[in-house]
Peer 1: 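Quick one: this structure, given as structure tokens, is what I'll be asking you about.
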Amino acid sequence: MVKVNEKCVGCGICVPFCRKKALKTYGKLIIDKEKCINCKLCIKYCQINALEG
Ligand code: SF4
Ligand code: SF4
């Protein structure tokens, strides 16, 4: 599954690219595991490689 690592600064740039609305920021990014289908689309939108999986 896609995971957020310690590099995340909570900028929110990746949030609107999740078609399942599984992403939100609360200080850092939080992935709703109930909604995430692990498509990995969000990974390419984080410019600092804080998403991996
Ligand atoms: S994962 Fe990357 S793009 Fe998404 S909120 Fe964190 S730093 Fe920003
Ligand atoms: S892997 Fe896909 S469904 Fe899961 S949070 Fe990223 S964009 Fe959304």
Side-chain angles (χ1 to χ4, degrees):
M1 289 296 281
V2 169
K3 289 192 294 190
V4 190
N5 66 32
E6 72 289 343
K7 294 179 196 165
C8 178
V9 294
C11 68
I13 287 171
C14 58
V15 171
F17 295 104
C18 176
R19 289 169 293 179
K20 292 295 176 180
K21 299 193 189 320
L23 301 177
K24 65 176 178 181
T25 49
Y26 189 80
K28 286 190 172 190
L29 188 74
I30 297 168
I31 301 172
D32 186 335
K33 292 190 169 75
E34 301 287 312
K35 294 179 181 172
C36 177
I37 58 168
N38 205 31
C39 69
K40 302 188 191 292
L41 190 70
C42 52
I43 292 175
K44 69 177 179 181
Y45 292 104
C46 179
Q47 302 298 305
I48 58 170
N49 300 317
L51 283 165
E52 54 186 66

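Please read all numbers here as calculations on a predicted model, not as lab measurements. Start at 1 and go down the list; that is how both ligands and their atoms are numbered.
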Peer 1: Counting backbone and side-chain atoms alike, is an N, O or S atom of Cys46 positioned under 2.8 Å from atom 6 (Fe) of ligand 1?
Peer 2: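 For Cys46, the answer is no, given that no N, O or S atom comes within less than 2.8 Å of atom 6 (Fe) of ligand 1.
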Peer 1: Give a yes or no on whether Val15 and Ile43 share a hydrophobic cluster (residues Ile, Leu, Val, Met, Phe, Trp, Tyr; joining criterion: side-chain heavy atoms under 4.5 Å apart).
Peer 2: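 Val15 and Ile43: one cluster.
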Peer 1: Surrounding NZ of Lys20 (heavy atoms of other residues, nucleotides or ligands, distance under 6.0 Å), is the total greater than 12?
Peer 2: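 Not more than 12 within 6.0 Å, no.
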Peer 1: Which ligand 2 atoms are under 4.0 Å away from a heavy-atom of Cys39?
Peer 2: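 Selected atoms, number and element: 1 (S), 2 (Fe), 3 (S), 7 (S).
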Peer 1: Can you list the steps and then say if Ile13 with Gln47 is a side-chain contact (heavy atoms from CB on, under 4.5 Å)?
Peer 2: CA-CA 9 Å; Ile13 287 171; Gln47 302 298 305; 5.7 Å; no
Peer 1: On a heavy-atom basis, which atom in Cys46 and which in Ala50 lie closest, and how many Å separate them?
Peer 2: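 Smallest heavy-atom distance, with atoms named: SG-N, 3.3 Å.
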Peer 1: Got Asn5 and Leu51 here, is their nearest side-chain heavy-atom distance under 4.5 Å?
Peer 2: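 The answer is no; the side chains never approach within 4.5 Å.
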Peer 1: To the nearest 0.1 Å, how far is atom 8 (Fe) of ligand 1 from its closest protein heavy atom, and which atom is that?
Peer 2: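 For atom 8 (Fe) of ligand 1, the nearest protein heavy atom comes out as Cys11 SG, 2.2 Å.
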Peer 1: If you have a sec, work out which protein heavy atom is nearest atom 5 (S) of ligand 2 and how many Å separate them, to one decimal?
Peer 2: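 Scanning the protein heavy atoms, the shortest distance from atom 5 (S) of ligand 2 goes to Leu23 CD2, 3.5 Å.
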Peer 1: Of the protein's non-hydrogen atoms, which lies at the shortest distance from atom 7 (S) of ligand 1, and what is that distance?
Peer 2: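 For atom 7 (S) of ligand 1, the nearest protein heavy atom is Val9 N, 3.5 Å.
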Peer 1: Which ligand 2 atoms does Cys36 reach within 4.0 Å, using its non-hydrogen atoms?
Peer 2: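 Atoms satisfying the 4.0 Å criterion: 1 (S), 3 (S), 4 (Fe), 5 (S).
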Peer 1: May I have the step-by-step check of side-chain contact (heavy atoms from CB on, under 4.5 Å) for Leu23 and Cys14, ending in yes or no?
Peer 2: CA-CA 8 Å; Leu23 301 177; Cys14 58; 4.1 Å; yes
Peer 1: Measure the distance from atom 3 (S) of ligand 2 to every protein heavy atom, then report the residue, atom name and distance (to 0.1 Å) of the closest one.
Peer 2: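 Minimum-distance protein heavy atom for atom 3 (S) of ligand 2 reads Ile37 N, 3.4 Å.
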Peer 1: Atom 6 (Fe) of ligand 1: which protein heavy atom is closest, and how many Å away?
Peer 2: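 Its nearest protein heavy-atom neighbour is Cys8 SG, 2.4 Å.
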Peer 1: Give the numbers and elements of all ligand 2 atoms closer than 4.0 Å to a heavy atom of Cys42.
Peer 2: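 This gives 1 (S), 5 (S), 6 (Fe), 7 (S) as the contact atoms.
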Peer 1: List ligand 1 atoms under 4.0 Å from Gly12, heavy atoms only on the residue side.
Peer 2: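 Near Gly12, the atoms of ligand 1 are 5 (S), 8 (Fe).
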Peer 1: For Leu51, state whether at least one heavy atom is located under 4.0 Å from any atom of ligand 1.
Peer 2: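 Yes; Leu51 lies near enough to ligand 1 that a heavy-atom distance drops under 4.0 Å.
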Peer 1: Would the number of heavy atoms belonging to other residues, nucleotides or ligands and lying under 6.0 Å from NZ of Lys40 be above 12?
Peer 2: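 Enclosed.
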Peer 1: Heavy atom under 4.0 Å from ligand 2: found in Val2's side chain, backbone, both, or neither?
Peer 2: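 Side chain only.
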Peer 1: Do Lys7 and Asn49 pass the side-chain contact (heavy atoms from CB on, under 4.5 Å) test, and can you show the C-alpha distance, the side-chain angles, and the key distance before you say yes or no?
Peer 2: CA-CA 7 Å; Lys7 294 179 196 165; Asn49 300 317; 4.1 Å; yes
Peer 1: Give the atom numbers and elements of ligand 2 that come within less than 4.0 Å of a heavy atom of Cys18.
Peer 2: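 Result: 3 (S), 5 (S), 7 (S), 8 (Fe).
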Peer 1: Can you name the closest pair of heavy atoms from Lys35 and Lys21 and give their distance?
Peer 2: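 Scanning both residues, the minimum pair turns out to be CD-O, 3.4 Å.
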Peer 1: Quick one: does ligand 2 sit under 4.0 Å from the side chain of Asn38, the backbone, both or neither, non-hydrogen atoms only?
Peer 2: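 Backbone only; the side chain of Asn38 stays clear of ligand 2.
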Peer 1: Closest non-hydrogen protein atom to atom 4 (Fe) of ligand 1, residue and atom name please, with distance?
Peer 2: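 The protein heavy atom lying closest is Cys14 SG, 2.3 Å.
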Peer 1: Suppose I only count heavy atoms of Lys40 and a 4.0 Å limit; which atoms of ligand 2 are within that range?
Peer 2: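 By the 4.0 Å cutoff, the relevant atoms are 1 (S), 2 (Fe).
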Peer 1: Hey, mind stepping through Cys36 and Met1 against side-chain contact (heavy atoms from CB on, under 4.5 Å) and telling me if it holds?
Peer 2: CA-CA 9 Å; Cys36 177; Met1 289 296 281; 3.9 Å; yes
